[in-house]
Amino acid sequence: MISRIDLRGDALPEGPALRDLLPRADFDVSAALEKVRPICEAVHHRGDAALIDFAEKFDGVRLESVRVPAQALTDALQALDPAVRAALEESIRRARLVHRAQRRSTHTTQVVPGGTVTEKWVPVDRVGLYAPGGRSVYPSSVIMNVVPAQEAGVGSVALASPPQAEFGGLPHPTILAACALLGVDEVYAAGGATAVAMFAYGTESCPPANMVTGPGNIWVAAAKRFFTGRIGIDAEAGPTEIAVLADDTADPVHVASDLISQAEHDPLAAAVLVTDSVALADAVDEELKTQVAATKHIDDRIVPSLNGQQSAIVLVDGVEEGLRVVDAYGAEHLEIQTRDAAAVADRVRNAGAVFIGPWAPVSLGDYAAGSNHVLPTGGCACHSSGLSVQSFLRGIHIVDYTEDALAEVAHHVVTLAEAEDLPAHGAAVKARFGWKVPGTK
C-alpha cells in the first residue's frame, strides 16, 4: 500500500542531495499560473460579473450576488448543531490564548545619547481570508485565519469560500456559522483563483485587500503567485503533509491512524514514516490495510495518497539519521514518537509544527491545540513559518536624533556616502552643519 525507501547502511548525503531522495508530490504552480492568468484578468476588468460567471462555470450555480447576506450568517449559526458549536467555540478560545500571546509591543533602543530607534508594529489595514470548500468543508481554517488577524488588530477582515449549489449558492453553512461566531460579517461566495483576484483587485461589492491568506488548491496557490507584489500572501500552500519520526517504542496503531488522517485530505496528500525499526514498519503496513478498509474516502483520496510518489516509509539506521532526514524533508506536520520524544523534538530545525509523543496527534493541532494549522508545505518549512499574529503585522522603524547625536556620527555617514560614490547623501548631512561636518577635513 505504501512504498519503502531504504537509506540504511550508507552515509546520508547532505542538503539537496538528501532532499532529492525523499518523496514529494508533483505540484507545478508555474504550469497552473498560465491557466489562472485569464481568470484573474477577467475579474480585474469585469468585477462581480466575472465572479458570477465563474461561479456558474466552476461551481455549477448562478449567483444573484457575491456578497453573502447578513441574515444567512445568522441563520447558519442558529441552525448549527450544538455540539459542533461548542467544539468551534473551544477551538476559538484556545486559538485566542495562543495567538494573543504572540502580540509584539513597541520597543525603543537608545543607540547613543540623543539618538533612538523605535520599532513599532502596525497591522495591515485589510485582509482577505480564504476557506476552502472543495472535497471537504473547513470551518477550522476560518478560525485559523481569522483569529490571528483579529489578534493582530487588523481593522477590516473579509472571508471568501466557494459557493455551494447544494446550499443555494452560499458557502457551506458551517463556514458561515464559524464566521458568525468570530464576528466576521463580510463574507463572499467566491472560490479558487477568483476569490484571490477579487481581494487583490477589488470589485463593485468587495474593496481590495492588502493581504490574502488561507489554504487552498493549486489554483489558489497559482493566483497568490500571480499577485505577489501587489498584495501580501501567507504562502503558496501545496498538498498537506505528515511525517512521523518513530522508533520501536511507537504504537503502530497510532502511527497508521495518523498517516491516514492526512491522507484523507487529498489524493496528493503526503504520508511519510521515518523509522529505524523494520518491525514497526511492517506493523504499520499491516495496520494501514486494516484501518483503511474500515474508513471513508478510500478510493478517491486515501489509497491514491498512500500509493502516490509523495508517500513512503523511509528506513534509517537510527534516530540520529532520522532527524537528518526529517530536517531535510521539512514537513508541514512532524510527529515525534520516539524515546525521549521532547528531547528529540527540541533538536528539529525544519518543520511547520512539531507534535511530541503519542498524545499530541496532528488532528489535535488541526482543531483544538491552540496552535495554527496554516503551515508551510513542500519543504518550505526550512525558510518559512506558519500563520501567526506576526503574519499580519509590519515593523516600522522610527528614527529620532538630536543635533548633537547626528554631529557625533556625521563624519562616518559622509565617509560611507563617498565610499559608495553617492556624494549627495553626504551633502544632505553637511548641509545641516554649514557644510563643515565635525570630524572631517
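The first residue in the sequence is number 1, and the count goes up from there. These figures come from a predicted structure and were not determined experimentally.
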Engineer: Which heavy-atom pair separates V374 from P215 by the least distance, and what is that distance?
Structural biologist: CG2-CD, 4.2 Å

Engineer: What's the separation between atom CD1 in I233 and atom OG1 in T213, rounded to the nearest 0.5 Å?
Structural biologist: 10.5 Å

Engineer: Can you confirm whether V43 sits close enough to E41 that some side-chain heavy atom of one is under 4.5 Å from a side-chain heavy atom of the other?
Structural biologist: no

Engineer: Passes side chain to side chain contact (heavy atoms under 4.5 Å, CB included), V122 versus L393? Steps please.
Structural biologist: CA-CA 5 Å; V122 181; L393 297 175; over 6 Å; no

Engineer: Could you tell me whether R225 and E34 make a salt bridge, using a distance below 4.0 angstrom between a side-chain N and a carboxylate O?
Structural biologist: no

Engineer: Which heavy atom of V84 sits nearest to which heavy atom of L80, and what is that distance?
Structural biologist: CG1-CD1, 3.8 Å

Engineer: Under a 4.5 Å cut-off applied to non-hydrogen side-chain atoms, are P132 and S141 in contact?
Structural biologist: yes

Engineer: Measuring from D53:CG to F58:CZ, what's the distance to the nearest 0.5 Å?
Structural biologist: 10.5 Å

Engineer: Which heavy-atom pair separates P23 from V272 by the least distance, and what is that distance?
Structural biologist: CG-CG2, 3.8 Å

Engineer: Go through S205 and Y188 one step at a time and tell me if the side chain to side chain contact (heavy atoms under 4.5 Å, CB included) criterion holds.
Structural biologist: CA-CA 9 Å; S205 60; Y188 297 90; 4.0 Å; yes

Engineer: For R432, does the CZ atom sit with more than 12 other heavy atoms under 6.0 Å from it, leaving out its own atoms?
Structural biologist: no

Engineer: Taking NZ, NE, NH1 and NH2 as the nitrogens, is one of them in R67 or D48 under 4.0 Å from a carboxylate oxygen of the other?
Structural biologist: no

Engineer: Within this structure, what is the CZ-CG distance for the pair R347 and D327, rounded to the nearest 0.5 Å?
Structural biologist: 9.0 Å

Engineer: Kindly check if the number of other-residue, nucleotide or ligand heavy atoms within 6.0 Å of CD (E166) is above 12?
Structural biologist: no

Engineer: Will you find, in the side chains of Q309 and R24, an N or O donor that is under 3.5 Å from an N or O acceptor?
Structural biologist: no

Engineer: Once you round to the nearest 0.5 Å, how far does OG of S388 lie from CG of N372?
Structural biologist: 7.5 Å

Engineer: Would you check if the side chain of R324 reaches a backbone N or O of P13 as a donor-acceptor pair within less than 3.5 Å?
Structural biologist: yes

Engineer: Would you compute the distance between atom CG of D185 and atom SG of C179 and round it to the nearest 0.5 angstrom?
Structural biologist: 9.5 Å

Engineer: What do you reckon, is NE2 of H425 surrounded by more than 12 foreign heavy atoms closer than 6.0 Å?
Structural biologist: no

Engineer: Which heavy atom of A50 sits nearest a heavy atom of A42, and at what distance?
Structural biologist: CB-O, 3.5 Å

Engineer: Would you compute the distance between atom OG of S305 and atom CD of E241 and round it to the nearest 0.5 angstrom?
Structural biologist: 11.0 Å

Engineer: So do L51 and M198 actually touch side chain to side chain, heavy atoms under 4.5 Å?
Structural biologist: yes

Engineer: I would like to know whether R394 and W121 meet side chain to side chain contact (heavy atoms under 4.5 Å, CB included); could you show each step before the answer?
Structural biologist: CA-CA 5 Å; R394 297 159 293 139; W121 295 93; 5.9 Å; no

Engineer: Report, one line per pair, each donor and acceptor closer than 3.5 Å where one atom sits in a side chain of residues 395-410; sequence neighbours left out.
Structural biologist:
residue: H397; atom: NE2; partner: E119; partner atom: OE2; Å: 3.4
residue: T402; atom: OG1; partner: A405; partner atom: N; Å: 3.2

Engineer: By side-chain hydrogen bond (donor to acceptor under 3.5 Å, both in side chains), which residues pair with D59, not counting sequence neighbours?
Structural biologist: none

Engineer: Report yes if some heavy atom in the side chain of Y130 is under 4.5 Å from a heavy atom in the side chain of P162; otherwise report no.
Structural biologist: yes

Engineer: Among R104, Q102, H99, which residue satisfies the side-chain contact (heavy atoms from CB on, under 4.5 Å) criterion with Q390?
Structural biologist: R104

Engineer: Under 4.0 Å between a Lys/Arg side-chain N and an Asp/Glu carboxylate O for R301 and E264?
Structural biologist: no

Engineer: Which heavy atom of L63 sits nearest to which heavy atom of A189, and what is that distance?
Structural biologist: CD1-O, 3.6 Å

Engineer: Assess R94 against Y367: is NZ or CZ under 6.0 Å from the centre of the six-membered ring, and within 45 degrees of the ring's axis?
Structural biologist: no

Engineer: Do the side chain of S91 and the main chain of L88 share a donor and acceptor less than 3.5 angstrom apart?
Structural biologist: no

Engineer: Indicate yes or no: at least one non-hydrogen side-chain atom of V196 is less than 4.5 angstrom from one of V220.
Structural biologist: yes

Engineer: Between T377 (side chain only) and G238 (backbone N and O only), is there a donor and an acceptor less than 3.5 Å apart?
Structural biologist: yes

Engineer: Does S311 use its side chain to pair, donor to acceptor, with the backbone of G308 at less than 3.5 Å?
Structural biologist: no

Engineer: Measure from the ring center of F199 to the ring center of F227 and say whether it is less than 6.0 Å.
Structural biologist: no

Engineer: Can you spot which of H373, H172, H265 makes a side-chain hydrogen bond (donor to acceptor under 3.5 Å, both in side chains) with Y138?
Structural biologist: H265

Engineer: Is the shortest side-chain N to carboxylate O distance from E186 to R126 below 4.0 Å?
Structural biologist: yes

Engineer: Verify, without hydrogens or angle tests, whether S391 (side chain) and L387 (backbone) share a donor-acceptor contact under 3.5 angstrom.
Structural biologist: no

Engineer: Between L12 and L7, is any pair of side-chain heavy atoms under 4.5 Å apart?
Structural biologist: yes

Engineer: Evaluate the side-chain proximity of P361 to D366: yes if any heavy-atom separation is below 4.5 Å, no if none is.
Structural biologist: no

Engineer: Does atom CD of Q110 have more than 12 heavy-atom neighbours from other groups under 6.0 Å away?
Structural biologist: yes

Engineer: Has the side chain of D247 got a donor or acceptor atom that lies under 3.5 Å from a matching backbone atom of R339?
Structural biologist: yes

Engineer: Do the side chain of D28 and the main chain of A31 share a donor and acceptor less than 3.5 angstrom apart?
Structural biologist: yes

Engineer: Do side-chain atoms of S384 reach the backbone of A381 as a donor and acceptor pair under 3.5 angstrom?
Structural biologist: no

Engineer: So which heavy atom on L21 is nearest to which on A17, and how close?
Structural biologist: CG-O, 3.5 Å

Engineer: Could you please spell out the steps behind the side chain to side chain contact (heavy atoms under 4.5 Å, CB included) verdict for I52 and V66?
Structural biologist: CA-CA 7 Å; I52 290 170; V66 179; 4.0 Å; yes

Engineer: Main chain of L182, side chain of Q150: is a donor-acceptor contact present, judged purely on distance under 3.5 Å?
Structural biologist: yes

Engineer: Using a strict cut-off of less than 4.0 Å between a Lys/Arg side-chain nitrogen and an Asp/Glu carboxylate oxygen, indicate whether E89 and R93 qualify as a salt bridge.
Structural biologist: no

Engineer: So does H45 get a backbone contact from the side chain of Y201, meaning a donor-acceptor N/O pair under 3.5 Å?
Structural biologist: no

Engineer: What's the verdict on salt bridge (Lys or Arg N to Asp or Glu O under 4.0 Å) for E151 and R100, showing C-alpha distance, side-chain angles and the deciding distance?
Structural biologist: CA-CA 6 Å; E151 294 300 325; R100 191 162 292 162; 2.9 Å; yes

Engineer: Does a side chain donor of either T240 or Q262 reach within less than 3.5 Å of an acceptor in the other side chain?
Structural biologist: yes

Engineer: Between Q337 and E335, do the side chains contain a donor N or O and an acceptor N or O under 3.5 Å apart?
Structural biologist: yes

Engineer: Are the side chains of L323 and V348 in touch, meaning some heavy atoms are under 4.5 Å apart?
Structural biologist: yes

